[in-house]
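Just below is one structure, and these are the notes that go with it.
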Amino acid sequence: MTNLSVRANIEPLNWENQFFGVNSAVLRFSDDAPTLDESMLANWSRVQAKIPAQRADRLDALQLLGFCLVEGEVDLRLSVETCRDPAAEIATEKDIPRLRELAAQAFAQSRFRAPWYATEASGRFYAQWVENAVHGTFDNQCLIFRDESGDIRAFVSLRQLDDSEARIGLLAGRGAGEVLMQAALCWAQQRGLSTLRVATQIGNTAALKRYIHSGATIDSTAYWLYR
């Protein structure tokens, strides 16, 4: 019979707790950690877990402990080879109010959505993310494209991970997927990086098609669960 147990440490999510006003933590899985049980989870109002999609044993064990599936995630990677420079602008302080508005609208249905978080929480989270990217905090930079009126029509934030890889943080703009991907690839190429990573929800087929059309391959899949 399959052993439906899981070993994990519980780590407080201090920044998220301050931002959302909740008492939450995340599971860190390890063979050296204690076996997780109800008493270890009881003092937290929210516990998050991210598991590889192929770990059905871990999924079953967490569901027995009251965890619910919230979102599936696909992580993709692209080789940074050639790109067509679309001449994106670097976002500045004056662009922040509009970027916050666009980010709040574009990412309203993330894993920070109701009923797990307050109704406006997801939009507020991603609005803060894009503002931080403009300031070079967490993500290093935010690139933008404008329409004929001068309004921002699309944006992408990027973060260098190490000497060889970068990751797309946020990407949004209806009909602008190709130009945003070219901007991201050129950003990585200019820094001498070889790999660009990006993640999206399993259900976001439009984004998956765009990334694959741009040359991305699927690197891994995962599930987010909450209790």
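- Remark: side-chain polar atoms of Gln189 are paired, donor with acceptor, to backbone N or O of Glu81 under 3.5 angstrom.
- When all heavy atoms of Ala172 and Ala106 are compared, the pair lying nearest together is CB-CB, 3.8 Å.
- Residue pairs meeting the disulfide bond (SG atoms under 2.5 Å apart) criterion with at least one member in residues 144-175, sequence neighbours excluded, do not occur.
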Next on the checklist: Does Asn14 form a side chain to side chain donor-acceptor pair (under 3.5 Å) with Gln18? I'd like the steps, not just the answer.
Outcome noted: CA-CA 6 Å; Asn14 295 325; Gln18 292 176 358; over 6 Å; no
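- Arg77 is listed as a side-chain neighbour of Thr217, based on a closest heavy-atom distance under 4.5 Å.
- For the atom pair CD of Glu93 and NE2 of His135, the computed distance is 4.5 Å after rounding to the nearest 0.5 Å.
- The closest side-chain heavy-atom distance from Gln109 to Arg113 is below 4.5 Å.
- The hydrophobic cluster containing Trp116 does not contain Tyr223, counting ILVMFWY residues as joined when their side-chain heavy atoms lie under 4.5 angstrom apart, directly or transitively.
- One finds the OG atom of Ser194 at 10.0 Å from the CG atom of Asp163 (value rounded to the nearest 0.5 Å).
- Listed by chain and number, the residues in a side chain to side chain contact (heavy atoms under 4.5 Å, CB included) with Asp31 amount to none (sequence neighbours excluded).
- Both Leu171 and Val80 sit in one connected hydrophobic cluster of ILVMFWY residues. Membership requires side-chain heavy atoms under 4.5 Å apart, directly or through other members.
- Counting heavy atoms from C-beta outward, Cys83 and Trp187 have side chains that stay 4.5 Å or more apart.
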Next on the checklist: Please determine whether side chain to side chain contact (heavy atoms under 4.5 Å, CB included) holds for the pair Arg100 and Gln128, giving the CA-CA distance in whole Å, both sets of side-chain angles, and the decisive distance to 0.1 Å.
Outcome noted: CA-CA 7 Å; Arg100 286 184 61 94; Gln128 188 61 53; 3.3 Å; yes
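- In this structure, Asp162 places its CG atom where more than 12 heavy-atom neighbours from other residues, nucleotides or ligands lie under 6.0 Å away.
- The CG atom of Leu161 sits 9.0 Å away from atom CG of Asn140, with the distance rounded to the nearest 0.5 Å.
- In this model, no donor atom of one side chain and acceptor atom of the other lie less than 3.5 Å apart for Asp151 and Ser149.
- The CG atom of Asp60 lies 6.0 Å from the CD atom of Gln63; values are rounded to the nearest 0.5 Å.
- Criterion: ILVMFWY side-chain heavy atoms under 4.5 Å apart, direct or through other members. Under it, Val22 and Tyr226 are part of a common hydrophobic cluster.
- By the side chain to side chain contact (heavy atoms under 4.5 Å, CB included) test, Pro34 pairs with Asn9, Met40, sequence neighbours left out.
- Residues Ala61 and Leu4 share a closest heavy-atom pair of CB-C, 3.7 Å.
- Pairing each heavy atom of Tyr126 with each of Ala103, the nearest pair is O-CB, 3.5 Å.
- Residues Leu99 and Cys142 come closest through the heavy atom pair CD1-SG, 4.1 Å.
- Proximity of Leu78 to Tyr211: side-chain heavy atoms (C-beta onward) are nowhere separated by under 4.5 Å.
- Arg84 CZ: 12 or fewer foreign heavy atoms inside a 6.0 Å radius.
- Nearest heavy atom pair, residue Arg58 against residue Pro52, reads NH1-CD, 4.5 Å.
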Side-chain donor-acceptor distances from residues 64-73 under 3.5 Å, at least two apart:
| from | atom 1 | to | atom 2 | distance (Å) |
| --- | --- | --- | --- | --- |
| Glu71 | OE1 | Arg111 | N | 3.2 |
| Glu71 | OE1 | Gln201 | NE2 | 2.9 |
| Glu73 | OE1 | Trp224 | NE1 | 3.1 |
| Glu73 | OE2 | Lys50 | NZ | 2.7 |

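- The structure places CZ of Arg159 at 11.5 Å from CZ of Arg197, a figure rounded to the nearest 0.5 Å.
- The backbone N or O of Phe107 sits less than 3.5 Å from a side-chain atom of Ser122, completing a donor-acceptor pair.
- By the salt bridge (charged side-chain N to carboxylate O under 4.0 Å, His left out) test, Asp32 pairs with no residue at all, sequence neighbours left out.
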Checklist entry - What's the verdict on side chain to side chain contact (heavy atoms under 4.5 Å, CB included) for Ile10 and Leu27, showing C-alpha distance, side-chain angles and the deciding distance? => result CA-CA 5 Å; Ile10 303 177; Leu27 298 185; 3.8 Å; yes
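- Here the CD-CG distance, from Gln48 to Leu13, works out to 5.0 Å after rounding to the nearest 0.5 Å.
- Linking Ile, Leu, Val, Met, Phe, Trp and Tyr whenever their side-chain heavy atoms come within less than 4.5 Å leaves Leu143 and Ile152 in two separate clusters.
- Among the candidates Asp139, Asp75, Asp219, the single residue satisfying the salt bridge (charged side-chain N to carboxylate O under 4.0 Å, His left out) test with Arg167 is Asp75.
- Here the options are Phe19, Phe112, Phe125, the test is ring pair (Phe, Tyr, Trp, His ring centres under 6.0 Å), and the partner is Tyr117; only Phe112 passes.
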Checklist entry - Can Arg227 and Leu62 be said to form a side chain to side chain contact (heavy atoms under 4.5 Å, CB included), step by step? => result CA-CA 9 Å; Arg227 180 188 190 274; Leu62 290 174; over 6 Å; no
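- At a threshold of 4.5 Å between side-chain heavy atoms, the hydrophobic network of Ile, Leu, Val, Met, Phe, Trp and Tyr places Val47 and Ile51 in one connected group.
- The backbone N or O of Leu208 sits nowhere less than 3.5 Å from a side-chain atom of Thr200 that would complete a donor-acceptor pair.
- Of the listed residues (Ile90, Val156, Leu158), just one forms a side-chain contact (heavy atoms from CB on, under 4.5 Å) with Gln141, and that residue is Ile90.
- Applying the disulfide bond (SG atoms under 2.5 Å apart) rule to pairs touching residues 190-227 yields nothing, sequence neighbours excluded.
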Next on the checklist: Run Arg146 and Asp95 through side chain to side chain contact (heavy atoms under 4.5 Å, CB included) and show every step you take.
Outcome noted: CA-CA 11 Å; Arg146 301 184 189 274; Asp95 298 312; 2.8 Å; yes
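- Of all non-hydrogen atoms in Ser24 and Ser45, the two that sit nearest each other are N-OG, 4.4 Å.
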